[in-house]
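Down below is the structure, laid out as structure tokens.
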Number of protein chains: 2
Amino acid sequence: MAALGYVPDASARALVTRTGTRLAIAVIGRTAAVLDDPYVGRVLTSAAHVAAEREVGVSLHWLPLHDPGSLARLADGRGLGGLVVVNPTRPALETVPRALRGRVAAVGVGTRHVPSFDVDNRAGTDGVVRHLVRTGRRRIAMVTGPSWLPCGDRAVEAYRQVLEATGAEPRVVPGDFTAARGAGAAVEIMTRWPDTDAVFALSDLTALGVLDGLHALGVRVPDDVAVAGFDDIAFAGLSRPALTTSTHPVEEIATAAARAVLDRRDAAETTFYPSALVVRESA
Amino acid sequence: MAALGYVPDASARALVTRTGTRLAIAVIGRTAAVLDDPYVGRVLTSAAHVAAEREVGVSLHWLPLHDPGSLARLADGRGLGGLVVVNPTRPALETVPRALRGRVAAVGVGTRHVPSFDVDNRAGTDGVVRHLVRTGRRRIAMVTGPSWLPCGDRAVEAYRQVLEATGAEPRVVPGDFTAARGAGAAVEIMTRWPDTDAVFALSDLTALGVLDGLHALGVRVPDDVAVAGFDDIAFAGLSRPALTTSTHPVEEIATAAARAVLDRRDAAETTFYPSALVVRESA
DNA sequence: CTGTTAGCGCATTCAC
DNA sequence: GTGAATGCGCTAACAG
């Protein structure tokens with residue numbers, strides 16, 4: 001039959017199975033940091049590409065962080081073939097209705113019922129901070145992500161552990177993934193701890209902002225202070241100095257999440273993807 | 001009835017109207033320049049957001065440039081609620097079947113049957129080049145886009161006209177929208193015309209590459225040579241020196257194109273969106 | 001286990 | 001004009 005070029009009609013199937021023909025991508029958070037994040041575009045692009053093979057489409061939903069009902073409302077809608085939640089919080093995931101079990105995946109932390117496809121932030125951070133230590137840095141500061149993002153916890157923990165091993169005090173400053181905050185964080189760090197010799201930001205955009213902030217302070221990178229980012233966004237290699245960072249297979253992660261949902265494969269509770277150090281000029 | 005919260009079922013409607021529940025985004029070209037272009041992500045994000053309101057989804061398709069049949073094959077598939085073609089060539093648009101008339105839009109050049117939503121490249125280029133002239137530059141070179149991209153023609157034409165008005169000779173070098181090519185183009189330009197005092201690239205990524213190339217040659221920007229880009233990508237404001245460019249409402253354009261298709265509004269043959277000069281440090 | 005049938009929710013058609 | 005019937009292409013439930 002397939003030899004005759006038969007292709008099932010997605011709409012008809014969706015109608016009768018009451019299952020919908022679209023894959024919703026829900027991004028938690030509506031701050032500028034999230035809206036402008038190229039990361040979301042990469043996830044969406046990969047998902048839309050996977051969806052194309054299955055005759056379904058993807059839709060994008062930005063959900064407010066502090067409205068627990070919004071995810072449930074989205075998931076209740078008809079026409080939903082599946083759901084991929086980006087950067088979820090665990091409480092938010094608890095609100096997805098049972099009916100969607102097996103058709104939900106998370107890019108970020110997951111729960112017992114929602115399989116997670118995520119970057120191994122712990123190992124990634126460990127790799128970056130160890131690189132800083134290996135190249136002679138000892139007074140290393142870290143700019144974190146938004147406090148509500150659970151994925152940042154593992155990274156901060158890894159940073160603390162490496163520093164503890166070297167006997168150094170942690171110097172943690174809160175960030176929000178924006179470049180503007182990076183510039184501010186740089187000033188804050190150099191004011192509080194003037195002898196800082198390295199800054200690790202949990203976001204490339206923030207790291208680029210740190211580069212800017214340090215430049216404005218007259219601090220040379222990497223001579224005086226090394227700077228490292230996280231994610232390896234497209235521009236990381238184009239900044240001056242080119243940004244040392246850790247690269248993540250975002251496309252691969254998003255593709256796997258989309259496939260897991262569309263193919264109703266029950267994935268492992270958590271699948272970690274490697275974070276790989278990319279040494280450029282800034283550290 | 002709507003007061004009772006009635007929402008039509010998209011799948012059922014799609015089934016009976018044989019019209020599909022997804023909006024396909026077809027991107028013409030499979031070169032690295034297109035695949036890595038953040039522009040596509042922005043278009044897709046906007047389209048997916050519009051689609052979300054309509055209970056439909058979007059799918060993404062990268063079409064080879066030299067396979068005229070690919071667009072027709074895509075358009076023939078069922079499940080297609082509409083089609084938005086990004087960066088189309090006119091011959092490619094001619095291949096979309098009649099059945100889709102009224103449900104196709106182009107982001108880029110259009111045809112009689114395919115309404116176009118596009119940046120006013122002519123006015124944008126005019127604005128940038130005039131700015132260079134106004135700030136004292138006279139020997140201005142231009143790095144174009146891929147030759148097959150029709151949208152570049154208007155820009156090159158505008159560039160030539162401004163230069164003609166100043167009595168200067170055009171210095172046009174072919175580009176491909178990549179940063180790597182920008183670096184190469186910079187070398188090429190400074191070799192062929194060593195007295196060049198400004199470079200305008202029809203792509204920010206290329207302009208950033210030009211910045212790199214000039215830096216390697218020991219040329220100071222903007223003191224020796226001014227550099228201007230086109231598009232105002234996210235990183236344009238973060239490069240050093242920050243890139244002077246022209247900003248485009250990509251989200252607005254993509255949203256309008258998606259709406260035109262999904263709402264079956266017959267749009268004007270061409271809708272131009274403004275290109276607005278953003279003066280930063282590089283020019 | 002194979003073959004048949006009812007019906008998903010809507011738009012279109014036809015009868016009135 | 002308003003209202004009932006048909007069928008889009010498929011899956012699930014059922015009968016043989």
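Side chains are part of it too, since the values below use all heavy atoms of this structure and drop only hydrogens, waters and symmetry mates. Here the structure is a predicted model, which means the values were calculated and not measured. Order of the sequence lines sets the chain letters (A, B, ...), proteins ahead of strands, with each chain counted from 1.
With D:dC10, C:dC10, D:dC8 as the choices, the nucleotide that has an atom nearest any side-chain atom of B:Arg13 turns out to be C:dC10. When each of D:dC10, C:dG9, D:dC8 is scored by its nearest atom to the side-chain atoms of B:Arg18, the top-ranked nucleotide is D:dC8.
B:Leu205 is not listed as a side-chain neighbour of B:Thr178, based on a closest heavy-atom distance of 4.5 Å or more. Looking only at side-chain heavy atoms (C-beta outward), A:Phe235 and B:Ile233 come within less than 4.5 Å of each other. In this structure, the side chains of B:Val114 and B:Val85 stay at 4.5 Å or more apart for every pair of heavy atoms.
As rounded to whole Å, 4 Å separates atom C1' of C:dC8 from atom CG of A:Leu15.
Ring-centre distance between A:Trp62 and B:His49: below the 6.0 Å cut-off.
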* Structure fact -> A correct dot-bracket answer for DNA chain C, with pairs being Watson-Crick or G-U at under 3.5 Å, [ ] for crossing pairs and | for inter-strand pairs, is |.||||||||||||||
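Tested against A:Arg154, the residues A:Val119, A:Thr125, A:Val109 include a single side chain to side chain contact (heavy atoms under 4.5 Å, CB included) partner, A:Val109.
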